[in-house]
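Below, chain A is the first sequence line, B the second, and so on; all start at residue 1.
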Protein chains: 2
Amino acid sequence: MTQTKSENSAKMKDVADLAGVSIKTVSRVLNNEPHVQEKLRRKVREAAEKLEYVPSHSARSLRGNRSYDINLVCHNAGSVYVNSIQFGGVIACQELGYQLSISLMEDLDQMAMRDIRAAFETVMKRRRPDGVILLAPYANDEKIGFVLQEMGIPVVRVGPVELQNKGLLVEIDDYQAAIEVVRHLADLGHKNIGFIRGSENQRATHVRYSGFCVAMEAAGLTVEDALVRPGAFDFQSGYEAGQFYLGHTSRPSAVFASNDDMAAGLVAAYTEHGLKVPKDISVVGFDDSSIATCMRPYLTTVRQPLSDLGARAVRELVASLSGTGKPEARRIVLDHEFVLRDTTAPPNTK
Amino acid sequence: MTQTKSENSAKMKDVADLAGVSIKTVSRVLNNEPHVQEKLRRKVREAAEKLEYVPSHSARSLRGNRSYDINLVCHNAGSVYVNSIQFGGVIACQELGYQLSISLMEDLDQMAMRDIRAAFETVMKRRRPDGVILLAPYANDEKIGFVLQEMGIPVVRVGPVELQNKGLLVEIDDYQAAIEVVRHLADLGHKNIGFIRGSENQRATHVRYSGFCVAMEAAGLTVEDALVRPGAFDFQSGYEAGQFYLGHTSRPSAVFASNDDMAAGLVAAYTEHGLKVPKDISVVGFDDSSIATCMRPYLTTVRQPLSDLGARAVRELVASLSGTGKPEARRIVLDHEFVLRDTTAPPNTK
DNA sequence: TCCAATATTGACAACCTTGTCAAAAATCGC
DNA sequence: GCGATTTTTGACAAGGTTGTCAATATTGGA
């Protein structure tokens, strides 16, 4: 009755024998293929259930030439941004019977075409993923897209991308979000608004900046180039931007940092200098990552549904796999949310 | 000369043909098996190189009954702790030709044996990993260990564990580290030292606490029960502990928070209350996670080499796989480091 | 120099699934 | 009711690798 060894899991053959059919029929039932009598279907299902049959992953992928793997390609695994997206991706994969693996690729965007190809071939060939998720800064890289296309691996990109109509894309409307941020600050009465850029190789930096500029103009304000500071999406660069503002003759009354870490760095610099946020400066971040509520005062920011982006990316990718083969171009935009907390206030009119 | 299609990657057969040997010989060379002439070895290697041969993962695992997968089982993917370990794990896997996958298991420690078994069977059977990395709070769970052992899946645990001599274990010496922290505070002249516990289901909480108690006694100090606060390894619980201390009649002059997030929360509570760290209170954290240098003042803490722990766990696990089959019990202790920064100072003697 | 022992090599099966194609059964039209 | 069509089913091969075992080449000893 019971199994003799917990080691030996049932094969298709065993299910077939128990159900009194051929293994091919079992295969058909388990893959929901047509052309099987309802009666046999039930029988097979019962047998499979009884034997706790689980298909062999390796046999399947060997024969079917699919790996049931989705590969997440990113530069800096370990960052909150990447991890949140990954989190959603893992969940979605788990649901769909896929597995999410992670490839760390170093400075791919600096490399020549042939080296990129080599890098991918090494990592991808071993266990060729059925699809790849490209995160910033690689999502926007043409060469990488080309190599992957050449290798015939379907791709979904996450985050803003220049290359429009280039397959699947999942993102939020960074442009619109930036506009909302500026509008909020302008509504509070701020005129002198600074901006901290993110990494220059990430498209989000440019999109948010152009939203910033457009909204400034719409509000009848001018963008002071001196108040636009470089950054790298990390605490340190926000801190440095803060120090710059503190030493600058005409300080901004508000700053839009293009992510939360930089906003936190900026606040740290001001606080350390004995100034108060939002009394002495209003600050808005971007992402609503954990630091936004682990700092004081709580950070006003834009919530980006990172894990949803990851989950959606996986789902769209997997859905596209069973499609006709032609990867249709699709752009999915998830909702962001302006989160008003405590780092913004009307300008200090002395 | 060049390949006709980038699609068709070379198989063992192709390498064998080019080298003028049988595929079995190719297999032997590529797996570093003995009994092949040096001359043929070279020939085969050259042929493989030329054809850019990469072994088929699925064929290998089908035949060899191995998946080349290491599964990381954790509760809360997304936490810095988990992500750092994972990061090291991914790197090590990449080097070794393995792949790291992640399983999110919810509240496994609350479940009955049979449900745990069911949970693992669902996730593990599909693509049975060659080994599993167990992180807190699951590393210390007997039931989980038993289920995995029953399934015949080798395990490596990361972090402090009660179950000694139960297979592979990679950790730092939490006990000793806690002692060093207390010694530092005692040396500064602190007498009234508080402690913030972490999650009660994590062994680290208890080990660090007992190190704390022992070192207190060794320094001739008494542990004031009222100053030992509960926590959950997150910012919020540290913040709450801070609020408690602030409202308490005899405030501690120093606090050892059992991780950085809680230390940061504590500092936030004090700062918000208009007090200064370390003037009004000395604080030490644990982990040296990113928040330690993203807060002001910089946090004195204990560096735990998380990504090294992850990498080492993978390496030991993989090494043990090719062993005799008997998983030997081994305990690997990596070095921690006391990191002196700016949140500790002699007590404020008014 | 020849036989025994050893080292090297290769043919073939096996791993478990799915695709192909043909056989068998059921259905339909007249 | 019978042949033609459609539906259902199964036998067999294939996918790329590694283990088994037999065949062959090499070495050593007498």
Side-chain angles (χ1 to χ4, degrees), chain A residues 7-45 47-48 51-69 97 124-128 130 321-322 325, chain B residues 7-45 47-48 51-69 97-98 125-128 130 321-322 325:
Chain A
E7 297 286 292
N8 298 342
S9 47
K11 331 278 178 206
M12 226 170 217
K13 179 76 166 53
D14 304 318
V15 178
D17 289 351
L18 182 58
V21 297
S22 75
I23 58 172
K24 181 65 223 194
T25 299
V26 175
S27 170
R28 272 192 269 258
V29 172
L30 267 34
N31 291 302
N32 290 314
E33 286 172 29
H35 304 307
V36 181
Q37 282 186 356
E38 200 46 49
K39 201 180 95 186
L40 287 188
R41 275 217 143 79
R42 269 211 329 280
K43 248 187 175 172
V44 169
R45 290 238 166 77
L51 296 173
E52 295 182 315
Y53 170 76
V54 179
S56 150
H57 174 80
S58 34
R60 249 197 183 176
S61 43
L62 175 58
R63 185 63 239 248
N65 208 33
R66 338 181 47 196
S67 61
Y68 298 90
D69 250 55
M124 300 283 146
K125 258 196 182 170
R126 214 180 269 283
R127 182 182 325 192
R128 190 182 212 273
D130 292 340
L321 293 179
S322 44
Chain B
E7 297 285 292
N8 300 341
S9 47
K11 331 276 178 209
M12 229 171 214
K13 179 75 167 51
D14 303 319
V15 177
D17 288 351
L18 182 58
V21 298
S22 74
I23 59 172
K24 180 66 223 195
T25 299
V26 175
S27 170
R28 273 193 268 258
V29 172
L30 266 35
N31 291 301
N32 291 313
E33 286 171 29
H35 303 307
V36 181
Q37 282 187 358
E38 201 47 48
K39 203 180 94 186
L40 286 188
R41 274 219 145 76
R42 270 212 328 282
K43 249 187 173 172
V44 169
R45 291 237 166 76
L51 297 174
E52 296 182 315
Y53 170 77
V54 179
S56 149
H57 174 80
S58 32
R60 251 198 181 175
S61 44
L62 175 58
R63 185 63 241 245
N65 208 34
R66 334 181 53 198
S67 62
Y68 297 92
D69 251 54
Y98 277 70
K125 256 195 181 172
R126 215 181 269 283
R127 184 182 324 191
R128 190 182 215 269
D130 292 340
L321 294 179
S322 44

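- Of the side-chain N and O atoms in B:Gln37, none sit less than 4.0 angstrom from OP1 or OP2 of C:dA7.
- Closest of all the heavy-atom pairs between B:Ser56 and A:Leu62 is OG-CD1, 4.4 Å.
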Q) Could you walk me through whether B:Leu51 and B:Leu18 pass the side chain to side chain contact (heavy atoms under 4.5 Å, CB included) check? A) CA-CA 9 Å; B:Leu51 297 174; B:Leu18 182 58; 3.9 Å; yes
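- Computed from coordinates, the B:Arg128 CZ to C:dC16 P distance equals 13 Å when rounded to whole Å.
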Q: Carefully, step by step, assess B:Ser67 and A:His57 under the rule side chain to side chain contact (heavy atoms under 4.5 Å, CB included).
A: CA-CA 9 Å; B:Ser67 62; A:His57 174 80; over 6 Å; no
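- Residues passing the side chain to side chain donor-acceptor pair (under 3.5 Å) test with A:Asp14: none are found, sequence neighbours excluded.
- In this structure, B:Ser27 reaches the D:dT18 phosphate: one of its side-chain N or O atoms is under 4.0 Å from OP1 or OP2.
- As rounded to whole Å, 13 Å separates atom P of C:dA14 from atom NZ of A:Lys13.
- Heavy atoms of other residues, nucleotides or ligands lying less than 6.0 angstrom from CG of B:Asn31 number more than 12.
- For the side chain to side chain donor-acceptor pair (under 3.5 Å) test, no residue two or more places apart in sequence or in another chain qualifies with A:Arg41.
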Produce the list of close N/O pairs, under 3.5 Å, pairing protein atoms with atoms of nucleotides 4-7 of chain D; give distances to one decimal.
none

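- Mapping B:Gly64 and A:Glu33 onto DNA chain C via the closest heavy atom, the residue that lands nearer the 5' end is B:Gly64.
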For residues 32-39 of chain A, run the donor-acceptor check on the side chains, cut-off 3.5 Å, and write out each pair with its distance to 0.1 Å, sequence neighbours left out.
residue: A:Asn32; atom: OD1; partner: A:Arg45; partner atom: NH2; Å: 3.2

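- To the nearest angstrom, P of D:dT9 lies 11 Å from NZ of A:Lys43.
- B:Arg42 is linked by a side chain to side chain donor-acceptor pair (under 3.5 Å) to nothing, counting only residues two or more places apart in sequence or in another chain.
- Straight-line distance from the OH atom of A:Tyr68 to the C1' atom of C:dC16: 13 Å, rounded to whole Å.
- Here A:Asn65 lies out of heavy-atom contact (under 4.0 Å) with every strand.
- Listed by first and then second residue, the salt bridge (charged side-chain N to carboxylate O under 4.0 Å, His left out) pairs involving residues 15-30 of chain A are A:Lys13-A:Asp17 (not counting sequence neighbours).
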**Q.** Base-contact (B) and sugar-phosphate-only (S) positions in nucleotides 10-15 of chain D, heavy-atom cut-off under 4.0 Å, - elsewhere
**A.** BB-BBB
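- In this structure the side chain of B:Val21 reaches within 4.5 angstrom of the side chain of B:Val44, judged on heavy atoms.
- In this structure, the side chain to side chain donor-acceptor pair (under 3.5 Å) partners of A:Thr25, at least two apart in sequence or on a different chain, are A:Ser22.
- Computed from coordinates, the B:Leu51 CG to D:dG16 P distance equals 14 Å when rounded to whole Å.
- The overall bend of the helix from C:dT1-D:dA30 to C:dC30-D:dG1, read as the angle between its terminal helix axes built from five base pairs each, is 40° when rounded to 10 degrees.
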